Q: 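This is the structure I have questions about; it appears just below.
Within every chain, numbering begins at 1; the chains are lettered A, B, ... in the order of the sequence lines, protein sequences first and strands thereafter. Quantities reported herein were computed from a predicted structural model and do not represent experimental measurements.
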Amino acid sequence: MGTPQTMLDKLWAAHEVQRREDGVSLLWVDRHLVHEGSHHAFAKIKARGLPVAEPELTFAVVDHYAPTRGRSRIADPQIARMIDTLRGNAAAHGLRIYDLDDPHQGIVHVVGPEEGLTLPGLLINCGDSHTSTHGAFGALAFGIGATEVAHVLATQTVWQRKPKSMRITVEGQLGAGVTAKDIALCWIARLGTDGAHGHAVEYAGSAIRDLSMEARMTLCNLSIEGGARFGMVAPDDTTFAYLQGRRFAPKGTDWQAACADWAALASDAGVRFDREVTLDAAEIAPTVTWGTSPEQALPITATIPDPADLPPEKAEASRAALDYMGLRAGAMLEGTPVDQVFIGSCTNGRIEDLRAAAAVLKGRKAVVPGLISPGSAQVKAQAEAEGLDRIFTEAGLEWVASGCSMCVGMNGDLVEEGKRCASSTNRNFKGRQGRGARTHLMSPAMVAGAAVTGRLTDVRKLLQGRAA
Amino acid sequence: MAGWRRHRGRAVSLPVANIDTDQLIPARFMSVPRAEGYGTYLLHDMRRDGAGALRPEFPLNAHPGASVLVAGRNFGSGSSREAAVYALVDAGIRAVIAPSFGDIFAANAVNNGLLPAKVEDAGFAALEAALAHAPQEIAIDIETRSITLDGAQFGFVLDDSWATKLINGWDDIDLTLNHSAAITAFKQKRGQTAAWAWPKEME
């Protein structure tokens, strides 16, 4: 038997075309996903007169600028131009595009898995930092910038130095109302937004094994908020069951061969990681951010921290965050009034997320306005088949089409200056949801709880007597 | 892209941690073609008030000629948007000095000739102290990984491959196209050992 290997080792070796003397590897890219924001990269290859090297491995998705209402006539010429530019580039290079009217359109990190384009053992690139989402399947998936997108378009390869390995092990059982979102916010709060810089994170342990694919995607998606460009979970029966029969997934004998290869991807027993972190699932509570960085997160039962009590390197940032967020140190986090809610995004816009929100909202009314944008047209159709849309609209929330929407605001879905939004998204950065917008990150169920009470609320109270 | 080895310029301090990509360039400006320039959008909402007027006290506004930024830890965390780097480069910034950088941001910086110079906490504190009241002349040498400011020298950390790239102004596509034969051979081998890796649409 050879030296034990991590899943990262195996995935890296399977894609390494060559390694330079300086240790940087040239890696083969199995799937390249592009979106409207990839316009800089298309302009770069056009300027050099280069074609797309592998159009069959390149897929275009309209998501960042996708209008969630009134799609047939886009009023904002800038948004229309961004979408038209992607259409033009896809047509010029013969790429399959998931356009606004496609029944499989959605957010790129929801569509890839849904379509079976995302598979274990693949290397997946996209010009978006949340590409780590696809690592939930046991893929080497990472976000890249425009220069690298142009490089992948032109060569189907990418230069990378292998990151260090890090394992986050979560053992035990999550409590009722506690989700993958809470696991992620918990570790990021503990280690910091740069806590996993330079590392590829593998999530392991019994609590991770128990997670659905949707939940694993949420967890891997948020890896970048802790500084890790890569997040991954070893493929298992849950993974295979999710993928079997998906449109682009292997079929027949290919499927058998694939499953055998994928089952061998897991990190070998006894392998050493460069860094190990362990969490106890039972200790994780529904978690909410109070500041302007994902690391500024606390259990909903906590009080808003006093900067004076924090270590000096965190105090100044905390003061600025409280000022921006309009919050008072020492006050209870629970009970903070919100102006509106948002459920959606590549982090928490999947069917399971909508079911969790509906479980809270059923038969209740929202006391603040809110928007629910499913992660894809398929998620939308599924939710409507289950009657979830009616639960949302009867609660008084707006049910709209899929896209990145209010997570990043590029399509015009914005939070107004000074307004406070309970949001199932990934970044509470200043101005992320609109200039001066105040974002609190939390799970979809917690957002639903905030909708019915108009305040940050411990959703566990609202779930008593209900199937979560 | 022109390579560079040494730079002399004015350094200004922006003593804030976690300056993320959404602050470096808010999303609403990202549909602009690069040719139009991104410099005016750099740190837009920090530099400007609600009406769009420059805040005179903001360091980059008070010292518009600065070419080196000294900023807090985790600079450029967040999104993969290369526009964050375009905004810095188009505003005349050649190097950012910080205790740590977002991984994707740092790679994007190097791809655009912008140096992400990582310094130890002690060196960082000394640089911050030296720049606390006014900008200073600074000299940076990529080859020796050294920063000279106010008569003192500080080292910085930079991956060797990135140093080579910055110095030579290399473009990866040209380098990679020299490896076309190896890439083709790899693709053929992968097609045999992992046929399932190619998407086949269900009939």
Side-chain angles (χ1 to χ4, degrees), chain A residues 14 17-18 20 22-24 26 28 30 37 40 43 48 50 56-57 78 81-82 117 119 121-122 127-129 143-148 150-151 154-157 159 161 193-194 197-198 227 229 247-248 250-251 254-255 257-258 261 293 313 317 320 408-410 417 427 429-432 435, chain B residues 15-18 20-23 26-28 30-31 33-35 44-46 50 72-74 77-83 85-86 100-105 107-108 111-112 159-161 164 171-173 175-177 179-180 182-183 185-187 190 193-202:
Chain A
V17 177
Q18 53 184 249
R20 286 198 311 239
D22 62 14
V24 179
L26 183 65
W28 171 257
D30 294 304
H40 290 295
R48 305 170 66 115
L50 290 169
E56 286 184 15
L57 302 180
Q78 208 159 296
R81 182 171 54 79
M82 287 299 281
L117 289 168
L119 300 172
L122 298 185
D128 188 278
S129 60
I144 54 179
T147 301
E148 290 171 311
H151 186 276
T155 69
Q156 203 59 28
T157 60
W159 290 101
R161 184 183 291 286
T193 45
D194 50 359
H197 266 176
R229 216 170 165 178
R247 178 146 52 152
F248 288 97
K251 311 285 172 331
D254 270 357
W255 172 256
D261 287 354
S293 161
E313 72 275 11
V408 68
M410 290 176 173
E417 185 148 12
R427 291 192 174 132
F429 296 163
K430 282 180 191 167
R432 171 78 175 183
R435 185 170 182 150
Chain B
V16 181
N18 288 322
D20 56 66
T21 48
D22 284 71
Q23 290 181 76
R28 61 187 184 277
M30 283 169 52
S31 59
R34 178 69 196 281
H44 186 280
D45 294 351
M46 289 173 89
R73 76 169 178 95
N74 206 21
S77 54
S79 146
S80 64
R81 60 183 73 167
E82 200 159 295
V85 173
Y86 301 160
S100 62
F101 293 90
D103 284 347
I104 306 179
F105 172 86
N108 291 343
N111 280 327
N112 289 277
D159 186 290
D160 286 348
S161 69
T164 309
D171 178 304
D172 280 343
I173 293 180
L175 288 179
T176 307
L177 291 175
H179 299 293
S180 294
I183 295 170
F186 183 92
K187 179 186 168 185
R190 184 153 177 80
T193 56
W196 49 261
W198 268 260
K200 290 182 201 76
E201 188 167 358
M202 192 153 46

Q: In Å and rounded to the nearest 0.5 Å, what is the OH to OG1 distance from B/Tyr86 to A/Thr147?
A: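 Answer rounded to 0.5 Å: 5.0 Å.
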Q: With only heavy atoms counted, which part of A/Val408 is less than 4.5 Å from chain B, the side chain, the backbone, both or neither?
A: both
Q: Considering only heavy atoms, which portion of A/Asp194 lies under 4.5 Å from any heavy atom of chain B: side chain, backbone, both, or neither?
A: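 Both parts, backbone and side chain.
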Q: Would you please name every residue forming a ring pair (Phe, Tyr, Trp, His ring centres under 6.0 Å) with A/Phe248, sequence neighbours left out?
A: A/Phe59
Q: Return the option, out of B/Arg73, B/Gln23, B/Arg28, B/Arg81, with the maximum number of heavy-atom pairs under 4.5 Å with chain A.
A: B/Arg73
Q: When rounded to the nearest 0.5 angstrom, what is the spacing between OG in B/Ser31 and CD in A/Gln78?
A: 3.5 Å
Q: Measure distances from B/Ala197 to the heavy atoms of chain A and classify the residue's part below 4.5 Å as side chain, backbone, both or neither.
A: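 Interface part for B/Ala197: both.
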Q: Side chains of B/His179 and A/Gln18: is there a donor and an acceptor less than 3.5 Å apart?
A: yes
Q: Counting heavy-atom pairs under 4.5 Å with chain B, which one of A/Leu117, A/Leu50, A/Val24, A/Asp128 comes out on top?
A: A/Asp128
Q: So, for A/Gly145 and B/Ile104, which heavy atoms are closest and what is the spacing to 0.1 Å?
A: N-CG2, 4.2 Å
Q: Taking all heavy atoms of B/Phe186 and all of A/Ala14, pick out the closest pair and write down the distance.
A: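 Where B/Phe186 meets A/Ala14 most closely, the heavy atoms are CZ-O, 3.2 Å.
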Q: Is A/His40 close to B/Arg34 at the side-chain level, that is, under 4.5 Å between some pair of heavy atoms?
A: yes
Q: Before you tell me yes or no, could you show the steps for A/Asp22 and B/Asp159 under side chain to side chain contact (heavy atoms under 4.5 Å, CB included), namely the whole-Å CA-CA distance, both residues' side-chain angles and the distance that decides it to 0.1 Å?
A: CA-CA 9 Å; A/Asp22 62 14; B/Asp159 186 290; 5.8 Å; no
Q: Taking all atoms of both residues into account, what is the closest heavy-atom pair of B/Trp196 and A/Pro250, and its distance?
A: CB-CG, 3.7 Å
Q: Against chain A, work out which of B/Gly50, B/Ala83, B/Ala17 has the most heavy-atom pairs shorter than 4.5 Å and name it.
A: B/Gly50
Q: Which one of B/Asn18, B/Thr193, B/Asn74 has the most heavy-atom pairs closer than 4.5 Å to chain A?
A: B/Asn74
Q: Considering only heavy atoms from C-beta outward, does the side chain of B/His44 approach that of A/Arg435 to under 4.5 Å?
A: yes
Q: Flag the one option from A/Glu148, A/Lys430, A/Arg161 with the top tally of heavy-atom pairs under 4.5 Å to chain B.
A: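 Among A/Glu148, A/Lys430, A/Arg161, the one with the most close pairs to chain B is A/Arg161.
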Q: Looking at A/Thr193, A/Thr157, A/Leu57, A/Leu26, which makes the most heavy-atom pairs under 4.5 Å with chain B?
A: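 Max contact count across the listed options: A/Thr193.
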Q: Between A/Met410, A/Glu313, A/Arg81, A/Arg229, who has the most heavy-atom pairs with chain B when the cutoff is under 4.5 Å?
A: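 Most heavy-atom pairs within the cutoff with chain B belong to A/Arg229.
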Q: In terms of heavy-atom pairs under 4.5 Å, which option from A/Ala320, A/Ser293, A/Ala146 contacts chain B the most?
A: A/Ala146
Q: So which of A/Gly121, A/Ala43, A/Gly23 has the biggest tally of heavy-atom pairs under 4.5 Å with chain B?
A: A/Gly121
Q: Checking heavy atoms, do the side chain of A/Thr155, its backbone, both or neither come under 4.5 Å from chain B?
A: both
Q: Could you tell me whether B/Asp20 and A/Arg432 make a salt bridge, using a distance below 4.0 angstrom between a side-chain N and a carboxylate O?
A: no
Q: Under 4.5 Å heavy-atom distance to chain B, tell me which part of A/Arg247 shows up: side chain, backbone, both or neither.
A: both
Q: Search all heavy atoms of A/Arg20 against all heavy atoms of B/Ser161 and return the closest pair with its distance.
A: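 Shortest heavy-atom contact: NH2-CB, 3.6 Å.
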Q: Report which part of B/Thr164 has an atom under 4.5 Å of a heavy atom belonging to chain A: side chain, backbone, both, or neither.
A: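 Neither part.
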Q: For A/Leu119, is it the side chain, the backbone, both, or neither that has a heavy atom closer than 4.5 Å to a heavy atom of chain B?
A: side chain
Q: Run the ring pair (Phe, Tyr, Trp, His ring centres under 6.0 Å) test against A/His197 and tell me which residues pass, sequence neighbours left out.
A: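 With sequence neighbours excluded, A/His197 shows a ring pair (Phe, Tyr, Trp, His ring centres under 6.0 Å) to no residue whatsoever.
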Q: Select one option (side chain, backbone, both, neither) describing which atoms of B/Pro199 are under 4.5 Å from chain A's heavy atoms.
A: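 Answer is both: backbone and side chain atoms of B/Pro199 are under 4.5 Å from chain A.
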Q: Please classify the contact between B/Asn108 and chain A as side chain, backbone, both or neither, with a heavy-atom cut-off of under 4.5 Å.
A: side chain
Q: For A/Ser129 versus B/Ser80, what's the shortest heavy-atom pair and its separation?
A: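 In this case the closest contact between A/Ser129 and B/Ser80 is N-OG, 3.5 Å.
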Q: Which residue is it: B/Thr176, B/Asp171, B/Asp172? I am looking for the one with a side-chain hydrogen bond (donor to acceptor under 3.5 Å, both in side chains) to A/His151.
A: B/Thr176
Q: Please flag which part of B/Asn111 lies under 4.5 Å from any non-hydrogen atom of chain A: side chain, backbone, both or neither.
A: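 Both backbone and side chain.
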Q: Top residue by heavy-atom pair count (under 4.5 Å) with chain A, among B/Asn112, B/Asp160, B/Val16, B/Ile183?
A: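 Highest number of pairs under 4.5 Å: B/Ile183.
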